[in-house]
> 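The structure that follows is given in the form of structure tokens.
Sequence lines set the chain letters: A, B, ... in the order given, protein chains first and strands last, and positions in each chain run from 1. Keep in mind that this is a model prediction, so the values were computed, not measured.
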Protein chains: 2
Amino acid sequence: MLKDKVSGTTRNRHSQRYSKGADTRRQLLEVAIIAFGESGYASVTTRQIADTAGVALPAIQYYFGSKEGLYLACAEEIVGRYKTTTSETAQFAYTLLKRSVAPSEARDLLKRIFSGLTTLLVTSENSQLWATFVAREIREPGPAFEILFNNLWKPGTQLVAELVARAKGQQQADEEATIDALLLIAALVPFQTGRPIATRTLKWRQIGDAQREKILAAINRQIDRIAASKASAA
Amino acid sequence: MLKDKVSGTTRNRHSQRYSKGADTRRQLLEVAIIAFGESGYASVTTRQIADTAGVALPAIQYYFGSKEGLYLACAEEIVGRYKTTTSETAQFAYTLLKRSVAPSEARDLLKRIFSGLTTLLVTSENSQLWATFVAREIREPGPAFEILFNNLWKPGTQLVAELVARAKGQQQADEEATIDALLLIAALVPFQTGRPIATRTLKWRQIGDAQREKILAAINRQIDRIAASKASAA
DNA sequence: GACGAAATCTATCAGATGATAGACTTTTTA
DNA sequence: TAAAAAGTCTATCATCTGATAGATTTCGTC
């Protein structure tokens, strides 16, 4: 038997009897994140996942309790991976925010962050997979909404909003800066969630390094424009 | 019997025997657009639609042939409504584009268009319903993709791209202008597709007139910023 | 008023889906 | 080496889902 169906961390209490299941569990998670991300919770069947993962159907119930349990486990797995990937930059940014930040400094850090985000969400094959999972759950709140909102979205938008405010010469993010931050983050949507239509509209066959540069240039233009409009009507 | 299952326009050929079904058909469409828009094709069951519409289950097969037929009919219905709603502004814009347009003129027209779009997609209750339908099909191409892409998305983005180019002092939309246009359109996403998370991030309880003004102000800021950056590195 | 097309209904089917039962296999431990 | 835990499998269940069959009702036409 298995105790904690969701996190699955309760194994090897004081003497592990037999543990090979970690591989199967990981394999199921891997396949499920991709499948749920591509097609959504309702469209994916447990049989599809089990078949693709190369395991028998009841393995899902065995390791995750239910289809929904598997879905939640995917979200937790993603949060873990994301935090690992972005911890350096995030740490640096939070440290910076504690002291007074010059507008140009905030602007450059914004560019740096969005360069990383573009790579993470648009270019890198591996992260596209879970990025679609997150994007879907964020725009259509489901069982995993809270965990993704609190761990990914909320800290991310807050950071961007604070930096936008600094770039505009303010000391703290107000509502206007937060809205600008949302629009800036939304600039990634066409190339992540909206990839099929963006490539078609721009007549791109793929999004490679050349395209990545053009996207980044457009986002940097937008950051520069925000920074340039320092004294806003308030 | 009924001939054309999808468009359903083949009735009353030369002498209509008996026709009450138009009401039922309309009612099914109305309910289906909302349901598909809210939850997506796979998550909605034909029974849900039939029950909500207050008709028996086989009515869907009778009028639309199949669930997918109903879905396609929804898309056609939406295209019709959208064209009706936006034809004035669109006509005006296309006429304008035929002659040389001053940057300030293009900028103002952009603002006017996005003011209308914001009302259409964000404020107005009626259009939110089908807007979610369109947004979903656009980002996850399904059976109705082609019709929505060709009739709504393509002409819309082309128009915005041309105006963005003019606002930047160019005579024609190049790739950079098209990307800027995509980012501008993407600015609506947080408040349409991303409404639940945007309201939560901004601590808004609803999106009323006050919020609409703030959104519009942010979009206008972005348009002004684009127009201000006329001489871009090319 | 009778005929027939149009429309709507009840009942049912075949397949898919999430979940479970229970037998069998693998590995650890004592 | 035998007991026990962990893991995996086949077979099956109950339910849901899209679709169909076929009877019944509605209403314009002649």
Side-chain angles (χ1 to χ4, degrees), chain A residues 1-6 8-29 31-32 35-36 39-74 142-143, chain B residues 1-6 8-29 31-32 35-36 39-74 142-143:
Chain A
M1 278 297 166
L2 206 68
K3 292 299 164 58
D4 189 340
K5 296 282 185 172
V6 175
T9 50
T10 323
R11 226 171 299 115
N12 43 10
R13 190 82 50 84
H14 75 308
S15 72
Q16 53 180 26
R17 293 259 177 192
Y18 168 41
S19 61
K20 185 205 160 199
D23 294 339
T24 305
R25 205 190 116 92
R26 218 187 327 270
Q27 181 68 8
L28 275 173
L29 269 182
V31 169
F36 285 137
S39 315
Y41 184 79
S43 297
V44 176
T45 71
T46 51
R47 270 161 243 264
Q48 281 173 29
I49 295 174
D51 286 353
T52 310
V55 302
L57 180 59
I60 292 174
Q61 274 72 26
Y62 183 76
Y63 284 103
F64 305 98
S66 64
K67 185 186 181 184
E68 183 171 325
L70 172 57
Y71 191 74
L72 282 170
C74 288
Chain B
M1 278 298 166
L2 206 68
K3 292 297 163 58
D4 189 338
K5 297 282 187 172
V6 174
T9 50
T10 323
R11 226 172 298 115
N12 42 9
R13 189 85 49 83
H14 75 309
S15 71
Q16 51 180 25
R17 295 255 180 194
Y18 168 41
S19 60
K20 186 206 159 198
D23 294 339
T24 305
R25 206 191 115 92
R26 218 187 326 273
Q27 180 68 10
L28 275 172
L29 269 181
V31 170
F36 284 137
S39 316
Y41 184 79
S43 297
V44 176
T45 71
T46 52
R47 269 161 244 265
Q48 281 173 30
I49 295 174
D51 287 353
T52 310
V55 301
L57 180 59
I60 292 174
Q61 274 72 26
Y62 183 74
Y63 284 103
F64 304 98
S66 65
K67 185 185 181 184
E68 184 171 323
L70 172 58
Y71 191 74
L72 283 170
C74 288

> Got a sec, which residues hit side chain to side chain contact (heavy atoms under 4.5 Å, CB included) with B/T45, two or more places apart in sequence or on another chain?
B/R47, B/Q48
> Among residues 42-53 of chain A, which contact DNA chain C at a heavy-atom distance under 4.0 Å?
A/V44, A/T45, A/T46, A/R47
> State which residues pass salt bridge (Lys or Arg N to Asp or Glu O under 4.0 Å) with B/R26; sequence neighbours excluded, sorted by chain then number.
B/D23
> Find the distance A/D23:CG to D/dG7:P and express it as a whole number of Å.
10 Å
> Could you list the residues that satisfy side-chain hydrogen bond (donor to acceptor under 3.5 Å, both in side chains) with A/Y41, not counting sequence neighbours?
none
> Indicate yes or no: at least one non-hydrogen side-chain atom of A/Y63 is less than 4.5 angstrom from one of A/L29.
no
> Taking atom P of C/dA7 as reference, at what distance in whole Å does atom CD of B/Q27 sit?
16 Å
> With sequence neighbours excluded, what pairs up with B/P58 under the side chain to side chain contact (heavy atoms under 4.5 Å, CB included) test?
B/A56
> Is the phosphate of D/dA19 approached by B/Q61 (side-chain N or O, under 4.0 Å from OP1 or OP2)?
yes
> Looking only at heavy atoms, what is the nearest atom pair of A/T46 and A/L57, with distance?
OG1-CD1, 3.5 Å
> Among residues at least two apart in sequence or on other chains, which ones pass side chain to side chain contact (heavy atoms under 4.5 Å, CB included) with B/S43?
A/A42, B/S39
> Can you check the B/K67 NZ to D/dT17 C1' distance for me, whole Å?
8 Å
> Taking B/V31 as the fixed residue, which of B/I49, B/V55, B/D51 is the one that meets the side-chain contact (heavy atoms from CB on, under 4.5 Å) rule?
B/I49
> Starting from P on C/dT8, measure out to CD1 on B/I60 and report it in whole angstrom.
13 Å
> Restricting both atoms to N or O, compile the protein contacts to nucleotides 8-11 of chain D shorter than 3.5 Å, with distance only.
{"unit_1": "D/dT8", "atom_1": "OP1", "unit_2": "A/T24", "atom_2": "OG1", "d": "2.6"}
{"unit_1": "D/dT8", "atom_1": "OP2", "unit_2": "A/T24", "atom_2": "OG1", "d": "3.4"}
{"unit_1": "D/dT8", "atom_1": "OP2", "unit_2": "A/Y63", "atom_2": "OH", "d": "2.6"}
{"unit_1": "D/dC9", "atom_1": "OP2", "unit_2": "A/A56", "atom_2": "N", "d": "2.9"}

> Round to a whole Å and report the spacing from CZ of A/F64 to P of C/dG18.
15 Å
